Structure formats: C-alpha cells, structure tokens
Amino acid sequence: MNIYVLLKRTFDTEEKITISGGKINEDGAEFIINPYDEYAVEEAIQVRDSNGGEVTVISVGTEEAEKQLRTALAMGADKAVLINTEDDVENGDQFTTSKIIAEYLKDKEADLIIGGNVAIDGGSGQVGPRVAELLNIPYVTTITKLEIDGTNVTVTRDVEGDSEVIETSLPLLVTAQQGLNEPRYPSLPGIMKAKKKPLDELELDDLDLEEDDVEAKTKTIEIYLPPKKEAGKVLSGELNDQVKELVHLLHTEAKVV
Amino acid sequence: MTRKVLVLGETRDGSLRNVSFEAIAAAKTVADGGEVIGVLIGENVSALGTELVQYGADRVVVVEGEKLKQYTSDGYAQALLAVIEKESPEGLVLGHTSQGKDLSPRIAAKLSSGLISDTTAVEVAGGNVVFTRPIYSGKAFEKKIVTDGLIFATVRPNNIAPLAKDESRSGEVASLSVEIKDLRAIIKEVVRKASEGVDLSEAKVVISGGRGVKSAEGFEPLKELANVLGGAVGASRGACDADYCDYSLQIGQTGKVVTPDLYIACGISGAIQHLAGMSNSKVIVAINKDPEANIFKVADYGIVGDLFEVVPLLTEEFKKLKVHS
C-alpha cells in the first residue's frame, strides 16, 4: 500500500508565544511534529505493518522541517519529502500549501493519505480536506479508528464527542483525531536507521509550479497577543461562606448565571 | 461595497444550532448592507427557514433530499455548490462546528478560494472585511482579510452575538432541486456519547475536571453542577489520560477550545496546554486544593479547597439561586 503522511512542523505546546516585528517570535523556540500529525505518522506505520507497502512523509516548509521529518523516519516511516518553499513563497496560506501538496501527489497513486485534523499553530484544519478535493478522492476528518479490508475502509469519526461509523473506500484521505492511537517514541536503532533513509528535497520548480499558481488568497494584516488578565479574586473564610460569596459574585458582579 | 452573502444554517436533531444565528450576524457585517441568504440542507428542513429570516436572513434557499438526511461532505458539498452556482455570492459564512470544519475546505478547494477558519470577530475596516481569529490555540490572535475572490469564513460558536430574533420579519423560503450524485463515504452508524447533555463547544457554562477528580465516579458531582447550570462537562488532558473520562471531553491545545460565559475548573492545575483551550472564556472560576496552582493566575474567582467539598456546596447554592430567581 502506498501511504502518505502530511506533516507540519509546529511550536512545542509548552512554548510561550511572543511577538517581535509584527510576527510570532521563533527565536529559541522548540519545535515539534504537530501533535495531530504524530497520530497520522503512527497510524500510517501501523497500516503499513499490517498491509505492507511504504510510508512517505511530506512536509511543506523550510529546511528546518528536516528535523521533524527525520523524527518521523525514526518512528518508522520509510521515506520523507520536504517541499522547500523558503525561496518561493513568502506569505502562503492553506490554498498555497494544499495546491503544492496536491501537485506533488497527483501522479503518486496514493492509496491512503493521513494528516492531522488541525495544526496547533494556524489551527485552520483546511489542508487535508483541500488536498483530497484537489485529488478528487473522498476524505473523512477527525478519525479515531481506521480499519482497512482490501479497498474497503471502515472509519470511526469523532463528531463533537459523538462517533460516526463511516464506510468508504481507497484511495482515501483521513485526518487524525486524538485517541486514534498512541504514537511511539523513536527507538535508538530507529534513530540510527533514519539517518540513512531517503529525505528528498524539492522546490516549486520541480513540481512545475510558478509562484503565481500558489499565491495566497488571504492575508494576515496583524498579529497580537491577548490582553493580559488581571489576577482574580481568591476567596477566603469559611468554606460555606466562600461558596455563598462565589455564587453571589457570579450572579451580581460577573452576571453569568 | 454591499455584498451578497450566503450562510449555511446547521441543524441538529431537527433544530437550528445557535451558531447559525451567530453566522447570520457575521454575514450581515460581511454583506455591508447587501443581501444575506440562508441556506438549509437536509430532509424536511424547510420549516426552519422562517427562523433564519427572523434572525436576520433576507431569504432562504432550501435543498432537500433523502441523500441529505445525514451530513456527508460529498452530499452537502454538492448541495451547497449548487446554491453557490445559482446565487453567485460574494461572501459565504459557516459555523466552525464539526460539520463546518469538514465541509468548508472542500468548498474552498472546489472554488479555488481562500477560507478564513475559526473566526471570533468580523468588522469592516478601510474597505476590507477583517476577521479576527485565535492562533496558537488562543495564545495569540491574527486579523485576516481575503485578498482574492469569495469572502469565505467559518465562525467559532459563542463568540459573535446573534441579532435579536424578530418575529415580524418575513422573507421568501424557496427550494432548489439538486440531484445528489454518488456519496463516496456513507455513515453506517452514529454512536451518541457526548450529546446526552449540552454540546461542549456551544455551552454557555462548562464545568471541567482534572486529575484532582481522581476517578470516573469523581466526575459525578461535576455533572450534577453542570445539570443545575444547564452546562456541559469538560476535562483536562490529565483526566483523560488517566481514563477518568472520554477524550471527547478534553479541553486544551489538543482537544476542544471552548469560550463559554462561565468556566469552572475543578482540580485542574492549569498547564499551559489546558489554558490554551479555555483561557478566552468570559469568566473563569478555579477550585483547587493547591493555592499555588497555575489555574488561579487566569481565574477571575478562586476557591482554595477540596473540589469534593466545594462542588456539592456550589450545586446546592446554585439550586437555591435558581429557585429564587
């Protein structure tokens, strides 16, 4: 089976966000594989291990995403592809990224494409479904279970806490929700092997794309931090009285109940 | 510049969801004096058209069919694209719900348009329609505009105030016949888990439990409090990882992002990942044994104490309040 994983390099969830020069400050920040994409990598490896085939991990970004691609290889993916847009795309959006990925995938005969359901930085959740639509294949988002039998696929999907069981078929794109699996940590032999696994680097040119073809349809005009919250009121006294006071405050001061 | 704007009315169990009324309010801003057209997709949904009008839509287009009984991205995309083709709108607004998140990128890809997802505010400034949206799970915000083509956005529930319902408003509710072709993914079964109570993402009150809840049974007092307040129960990752509750309840950087009027955090330490999912709530109450817990830094009100003592007392006190008011 020909399996592709869409992977994004994101800020570590522990990172504090600061702004400099109107942009998110990346200096000294730790980066990780977007946590939802980690589920995608794990799922791809498991599907390959039971069905055979090959897992290729793709990322669109800068050279720095090599580190996260290597991590995916160390987890067990077979190949990685970095589509380096550093020189060609200054302010891409989801239209840009999905167009690039779809262009790369269009002649790859992918059976299964797995991505995270959302990236924890931009948080739009658009790229996966957009890619599926561009490739004209079905997709199922926020999945928590994937069962493949030949070309028939049964997927369980999280819908705001409820589950839908969906029947569909390959080729297919799915996006991972938390609970799909427990991503493995790269093992030491895995890390050693990953160094020798192929990691190809491509640019727009290699995909016969011009900058204009992928020009963003949206633009960020301002980035700012939320206003700092004043320290709240910690109540004191007898517990009974505290509770009474709290209810009173919520009713009369905050007016939320 | 006035614009013609479509809004998809989302239904759940035969009623319109609040987020649809919020989406109409957003669409009004995008329309800037132009026409706002509600769209309803489903089976036997046309009766809901009037309500969309009462909340501000000028008229409503309904696409009905057996294949549209349940949401599927294939079916709904065909229906919505048919309406778009007929109406040629300059704007399109959906709720940023499970359905909106699933459907909107397909529509955007099909139309080669931009899409600004998960917006929390919209305004017209300097001739542009400017959307505000949280990024980095609410640790920062960005303002974004569409630079080319359709102004397309999804709105996060609970953030944009709906217009007041006006029962004197009237508008045309017309149906559009669309032939729905193959559905490539078919829903075989829906397993209801979370929807016993109030939907977490739309709830006005969220009672959330962390590791301090100690067990699955430990969530019971939280559920009782939620019932009294008409709210939903949520959880921190710690509580989910410890198997005290289902991951569908998780609030945080991974998990759901909620912005209720009132968020009561019970036995939650307040890790940065959790704060990312709830710190934009309007009023936050923290209940924790540890006075040094990080959650107190974002809380508007705090009680240092054992949640198993505090929560039942709170439930009783709120019951009294409900009786009196």
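Order of the sequence lines fixes the chain letters, A, B, ..., with proteins taken first and strands second; residue numbering starts at 1 for each chain. Keep in mind that what you see is a predicted model, and the values were worked out from it rather than measured.
Using a 4.5 Å cut-off between heavy atoms, B:Ser137 touches chain A through backbone and side chain atoms alike. Heavy atoms of B:Ile187 lying under 4.5 Å from chain A belong to its backbone as well as its side chain. In this structure, no portion of B:Val257 lies under 4.5 Å from any heavy atom of chain A. When heavy atoms are compared at a cutoff of 4.5 Å, B:Val310 approaches chain A by way of both its backbone and its side chain. Neither the backbone nor the side chain of B:Thr154 comes within less than 4.5 Å of any heavy atom of chain A. Interface remark: B:Ser104 contributes no atoms to any contact with chain A (heavy atom separation under 4.5 Å). Only the backbone of B:Ala299 comes within less than 4.5 Å of a heavy atom of chain A; no side-chain atom from C-beta onward does. For a residue to count as touching a neighbouring chain, one of its non-hydrogen atoms must lie under 4.5 Å from one of that chain's; by this rule B:Leu103 touches chain A with the backbone only. B:Gln70 does not touch chain A: none of its heavy atoms, backbone or side chain, sits under 4.5 Å away. For a residue to count as touching a neighbouring chain, one of its non-hydrogen atoms must lie under 4.5 Å from one of that chain's; by this rule B:Lys256 touches chain A with the side chain only. Heavy atoms closer than 4.5 Å to chain A are found in the side chain of B:Arg237, but not in its backbone.
Side-chain contact annotation: A:Asn181 with A:Glu42, donor-acceptor N/O pair under 3.5 Å absent. Side chains of A:Thr154 and A:Glu147: a donor-acceptor N/O pair is absent below 3.5 angstrom, by distance only. No side-chain donor-acceptor contact under 3.5 Å links A:Tyr4 and A:Asp111. Remark: the A:Asp88 side chain and the A:Thr85 side chain contain no N/O donor-acceptor pair separated by less than 3.5 Å.
Contact annotation for residues 113-127 of chain A against chain B (heavy-atom separation below 4.5 Å, listed by residue number): A:Ile120, A:Asp121, A:Gly122, A:Gly123, A:Ser124, A:Gly125, A:Gln126.
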B:Lys143 and B:Glu123: CA distance, side-chain angles, deciding distance, salt bridge (Lys or Arg N to Asp or Glu O under 4.0 Å) verdict: CA-CA 10 Å; B:Lys143 290 195 173 192; B:Glu123 62 189 325; 3.3 Å; yes

Pair B:Asp102-B:Tyr76, side chain to side chain donor-acceptor pair (under 3.5 Å): steps then yes or no: CA-CA 10 Å; B:Asp102 191 66; B:Tyr76 272 49; over 6 Å; no

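Formation of a donor-acceptor pair under 3.5 Å by the B:His274 side chain with backbone atoms of B:Ile251 is found in this model.
Contact count against chain A (heavy-atom pairs under 4.5 Å) is highest for B:Thr254 among B:Leu314, B:Asp261, B:Thr254, B:Val146. The candidate from B:Leu150, B:Thr97, B:Leu229 with the greatest count of non-hydrogen atom pairs under 4.5 Å with chain A is B:Thr97. Chosen from B:Glu309, B:Arg184, B:Gln253, the residue pairing most often with chain A at heavy-atom distances under 4.5 Å is B:Arg184. The candidate with the highest count of non-hydrogen atom pairs below 4.5 Å against chain A, out of B:Ile303, B:Leu183, B:Ile135, is B:Ile303. Between chain B and the residues A:Ile19, A:Asn240, A:Ile24, A:Thr142, the most heavy-atom pairs under 4.5 angstrom are made by A:Ile24.
Between B:Lys319 and B:Glu316, at least one side-chain N (NZ, or NE/NH1/NH2) sits under 4.0 Å from a carboxylate O, which counts as a salt bridge. Taking 4.0 Å as the cut-off between side-chain N and carboxylate O, B:Asp199 and B:Arg17 count as a salt-bridged pair. Using a 4.0 Å cut-off between a side-chain N of Lys or Arg and a carboxylate O of Asp or Glu, A:Glu245 and A:Lys233 do not qualify as a salt bridge. Salt bridge annotation for B:Asp74-B:Arg106: present, with a cationic side-chain nitrogen under 4.0 angstrom from a carboxylate oxygen.
The neighbour count for A:Lys219 NZ, taken as heavy atoms of other residues, nucleotides or ligands under 6.0 Å away, does not exceed 12.
When all heavy atoms of A:Ile223 and A:Gly22 are compared, the closest pair comes out as CB-O, 3.8 Å.
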